[in-house]
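Here the structure comes first, spelled out in structure tokens, and everything after it is commentary.
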Amino acid sequence: MAITPRALIRNIGISAHIDSGKTTLSERILFYTGKIHAIHEVKGKDGVGATMDSMDLEREKGITIQSAATYCEWSGHNINLIDTPGHVDFTIEVERSLRVLDGAILVLCGVAGVQSQSITVDRQMRRYKVPRLAFVNKCDRAGADPLRVCEALRELLQHNAVMIQHPIGLEANHKGLVDLITREAYYFDGEKGETVRKDKVPADLADVVESQRQKLCEALADLDDNIAAAFLEGQEVTPEMIYPALRKATIDRKITPVCLGSAYKNKGVQPLLDNVIRYLPSPEDISDYEALDRDKNEEKVHLRPDPKDPLVALAFKLQDGQFGQLTYCRIYQGTLKKGEFIVNSATQKKVKVPRLVQMHADQMHEIEEAYAGDIVALFGIDCSSGDTFTDGSVNYTMTSMFVPDAVVTLAVEPAKKEGSNNFSKALNRFAKEDPTFRVSRDEESSQTIIGGMGELHLEVYIERIRREYKVDVIVGQPQVAYREAISQRAEFEYTHKKQTGGSGQYAKIGGYIEPTEEVEGEPRKDYEFVDDTVGGVIPKEFMKSCDKGFTEAVQKGPQIGMPVVGMRIVINDGNTHPVDSKDIAFQTAAKFAFRECFPKAKPIILEPIMKVEVEGPEEFSGTILGGINRRRGMIQGNTSAYGQAKITALVPLKDMFGYSNDLRSQTQGKAEFSMEFSKYAQVPRNIQEELIKEAEAKKKVLAGAR
């Protein structure tokens, strides 16, 4: 693999709300860059399916389940491209992709505009400081209006969004676009739009093009002194002035350039690729790649995309395929060579790189070496998602990615005993690949519990166990991942004494528990331990024992056996014995102090609340609203445009099970919905009492079975 100048590399992702056309756009990009020689549709009649949807399940369902990586070339630049899922159940795929990308294309439907998952994806891009272009897709659809979508970007997502293109016709008359910077019209001729023809701006669009160009220049004048000076002096703002100013503003995330087209109708994709090269950053343009130096108390270190520096690479995705485990890596600095030894910072194990490959969806292309800025895959390396690899000369670790908690659980077991081995292998593999897929064992019922981001998330994994491991699975009813919490402060004082002939146990602790505060824009701390003692009444080593005891106690709350969250524990008093005080004594004291104190703090039960967005014909809006109200939903918004209603609501997850079938039957299959986790909220008192009764009944049944 010949070394490419780092300035000629673009690492980009394609992200959007479900069904906005991400995979269709990826397919066109691969076709126009010569990576593939025929276009296949997501739900095409040829039965082949889109290139980036390589799983059978993806092709059957017509959705992207796993992020897929590929690479291509455009205008002398290397583009590493990752197509990510739109469905919120597979949000970790978006999360880990954005963690390693330098730029992104935010795809928006020209009709629906900014949708619920668009907001989620945008929040993820902000979390990892990813510059982006917006691409308003489906401009051929009835009701398409890219200017309205650009305005929604400004209002709903607070982007400084500016149109850099203007449509030539919309809906059935969508013929091409005008580049506002060069004032050139682009048409896409040929059977697949492969021939780009430039022409003059149509006379009927001349005035609106000048008006839109003026808005673009005004936005840049606020950020660039040269353009501001030209503006004040009444001079022409040339493309040569706009390009560098717009590139810098995009990389600094001060502007979001908005492109448009119709991927399905093969319009607007080649100019989008030009703009990816022109405005999105290369690895050299990113100055805040950070690692933690473990030899210097995790001091922050800034990495440089220099192939000559010590190797630092992040394993951001694992995938078990027909040839074994593939480990996708982003190289942040240094050079990675086939046959060399690298060190896993998490385990300090030295491993040899047996094979190094570039991925094209599910195809592997062998390479000998890769450099800073590249995205490659290692074959035959055992590690976990999020591990950092170095050449051993430095002891760095990359900061971890955000992993949301599971909100739905299912009890699962193999239908036949002979399938147990493969069943365990499948669960271990999926838990290793996907940090949001959780596997645990209920010790009381001896059931295997799997947890995930939603019903579809778990349904896909159960189907994969059946197909890939040939194991039939018995599945229990979906269970909500409730949490327990407290609503007020309560004090505790507990003395643990145990005397059994030899040395005994003694520990005394005093303090209080209280709810943690909510800080705007930050998640509430689930658990906080505070040492408020003075004079060393409890030595530090025993304070760690107290922390350990409380940490263990909050894993299973006294009400329904769910984890306790949002609680601060403060110890301000205590006592020790010179002989009998020991680690186990203070752990035990902490556990019993928690059990005694918890009921005094007015305990409550929290349930996950989902943000639900339903879209369907206006004629069914009353039916949809009624259905949401019956499910304890709180309506947040209700808008209509072009005969389509969009309703957003907050609904408890418990009441969303089975909603898909109900919505289909209520709207003749014409409405669709998406949902994502929003927050935890207190359940009503009557439901709390029911949950506690159910938990007590379950305990009695299990006790009787023993």
Kindly determine whether Leu108 and Ser20 satisfy side chain to side chain contact (heavy atoms under 4.5 Å, CB included), including the steps that lead there. CA-CA 6 Å; Leu108 300 158; Ser20 294; over 6 Å; no
One pair to check against salt bridge (charged side-chain N to carboxylate O under 4.0 Å, His left out): Arg183 and Glu236. What are the steps and the verdict? CA-CA 13 Å; Arg183 298 185 180 93; Glu236 167 74 3; 2.9 Å; yes
Should Gln270 and Glu194 be marked as a side chain to side chain donor-acceptor pair (under 3.5 Å) after you check the CA-CA gap, both sets of side-chain angles, and the distance that decides it? CA-CA 9 Å; Gln270 296 97 320; Glu194 62 271 22; over 6 Å; no
Under the salt bridge (charged side-chain N to carboxylate O under 4.0 Å, His left out) rule, what do Arg247 and Asp252 come out as? Steps first, then yes or no, please. CA-CA 9 Å; Arg247 175 178 174 77; Asp252 292 343; over 6 Å; no
Salt bridge (charged side-chain N to carboxylate O under 4.0 Å, His left out), that's the test. Do Asp285 and Lys248 meet it? Break it down for me. CA-CA 9 Å; Asp285 297 314; Lys248 184 177 187 306; over 6 Å; no
Does Asp293 form a salt bridge (charged side-chain N to carboxylate O under 4.0 Å, His left out) with Lys300? I'd like the steps, not just the answer. CA-CA 6 Å; Asp293 189 340; Lys300 285 186 179 178; over 6 Å; no
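Crowding of Asp204 atom CG: a count of heavy atoms from other residues, nucleotides or ligands under 6.0 Å exceeding 12.
Note on Asp199 versus Arg197: salt bridge recorded, some NZ/NE/NH1/NH2 to OD/OE distance being below 4.0 Å.
Closest approach of Pro167 and Leu205 over heavy atoms only: O-CD1, 3.8 Å.
Rounding to the nearest 0.5 angstrom, the gap separating the NZ atom in Lys254 from the CG atom in Leu246 is 13.5 Å.
Judged by a 6.0 Å distance limit and a 45° cone about the ring axis, Lys138 is not positioned over the six-membered ring of Tyr264. A cation-pi arrangement, defined by a distance under 6.0 Å to the six-membered ring centre and an angle within 45 degrees of its axis, is absent between Arg28 and Tyr32.
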